[in-house]
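Working notes, beginning with the structure itself.
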Amino acid sequence: MAESATSQTEIELHHLESHELPFALRLSEKLRQLVDVVGRFGSWFMLPLILITVFDLGLRKTGEVQLWLIENISPIFGSTLLQELEWHSHTVMFTLVLGYGYIWNTHVRVDLVRETLNFNKKAWLEFIGLTIFLVPYLCILLYFAFIYAYDSWAISEISASL
């Protein structure tokens, strides 16, 4: 019942002219559109990720071919470089698509308890989960990522395979 009321409210908001909406809703809609565009763009990183992974796997399973390609054509066919390309593509895809999954409610969650709750309790559960788990995790992640990135930059660290 609450979900149908929510969709009814969304339908009514879409019928209103842009200038009739409050500023917060206009801003929210612009941010949703930005996340949508970024998420759709990020989803295209799945294609190079699949191609690079299949190519690397194929080369590794045919060891002699990979050695010949490295020695006679280019070191780019080395498994280390291809694996770095894999995780770079995976990281870009994941970070760009994460917001899209959250906005469109397609992200993974454990629904054993959540499915039995009404809309207000689901919203509170989501809020508490974000506040207690996601925000502290992101703060810790950003702190250590900054330290590692700064240290790496300070010593001019680079990958040996590139």
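Computed from a predicted structure; not experimentally measured.
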_Nearest-0.5 Å distance that lies between atom CD1 in Ile52 and atom CG in Leu82_ = 7.5 Å

*Is any side-chain heavy atom of Lys122 closer than 4.5 Å to a side-chain heavy atom of Phe127?*
no

*asked:* Regarding Tyr102 and Glu126, do their side chains bring together a donor and an acceptor under 3.5 Å, going by distance alone?
replied: yes

*Could you list who else is in Leu27's hydrophobic cluster, with ILVMFWY side chains joined at under 4.5 Å, directly or through other members?*
Phe23, Leu31

*Taking side chain as C-beta onward, heavy atoms only, is Trp68 less than 4.5 Å from Ile73?*
yes

*Any chance you could lay out the side chain to side chain contact (heavy atoms under 4.5 Å, CB included) test for Glu86 and Phe55, step after step, and finish with the verdict?*
CA-CA 10 Å; Glu86 287 172 31; Phe55 184 70; over 6 Å; no

*Atom pair CD1/OG of Ile50 and Ser89 - distance to nearest 0.5 Å*: 10.5 Å

*Between the side chain of Ser28 and the main-chain N/O of Ala24, is any donor-acceptor distance below 3.5 Å?*
no

*Examine Phe133 and Ile128 and state if one hydrophobic cluster contains both, with Ile, Leu, Val, Met, Phe, Trp and Tyr joined whenever side-chain heavy atoms are less than 4.5 Å apart.*
yes

*Would you call Leu69 and Ser74 a side-chain contact if the rule is heavy atoms closer than 4.5 Å?*
no

_For the CG atom of Asn120 and the CG atom of Leu125, what is their distance to the nearest 0.5 Å?_
12.5 Å

*Cluster companions of Leu51 among Ile, Leu, Val, Met, Phe, Trp, Tyr (side-chain spacing under 4.5 Å)*: Leu47

_Shortest non-hydrogen contact from Gly42 toward Met93_ = O-CG, 3.5 Å

_side chain to side chain contact (heavy atoms under 4.5 Å, CB included) evaluation trace for Trp44 with Leu49_ = CA-CA 9 Å; Trp44 282 98; Leu49 175 62; over 6 Å; no

*What residue pairs, at least two apart or across chains, pass salt bridge (Lys or Arg N to Asp or Glu O under 4.0 Å) with a residue in residues 33-45?*
Asp36-Arg40

*Cluster question for you: counting only ILVMFWY and a side-chain heavy-atom cut-off of under 4.5 Å, with indirect links fine, are Tyr143 and Leu138 together?*
no

_In one Ile/Leu/Val/Met/Phe/Trp/Tyr side-chain cluster, 4.5 Å: Val54, Phe45_ = yes

_Please determine whether the number of non-hydrogen atoms from other residues, nucleotides or ligands lying under 6.0 Å from atom CZ of Phe41 exceeds 12._
no

_Any non-hydrogen side-chain atom of Gln33 less than 4.5 Å from a side-chain atom of Glu29?_
yes

*Is Phe94 reachable from Met46 through a run of I, L, V, M, F, W or Y residues, each pair having side-chain heavy atoms under 4.5 Å apart?*
no

*Locate the shortest heavy-atom distance separating Pro136 from Thr131; write the atom from each residue and the value.*
CD-O, 3.2 Å

*Working to the nearest 0.5 Å, report the span between OG1 of Thr53 and CD of Gln83.*
9.5 Å

_According to a hydrophobic-cluster definition based on side-chain heavy atoms being under 4.5 Å apart (Ile, Leu, Val, Met, Phe, Trp, Tyr only), do Ile140 and Ile147 belong together?_
yes

*asked:* If you apply the rule side chain to side chain contact (heavy atoms under 4.5 Å, CB included), what do you find for Val38 with Tyr100, and how did you get there?
replied: CA-CA 8 Å; Val38 169; Tyr100 180 88; over 6 Å; no

*Find the distance between CG (Leu98) and CD1 (Ile103) and round it off to the nearest 0.5 Å.*
10.5 Å

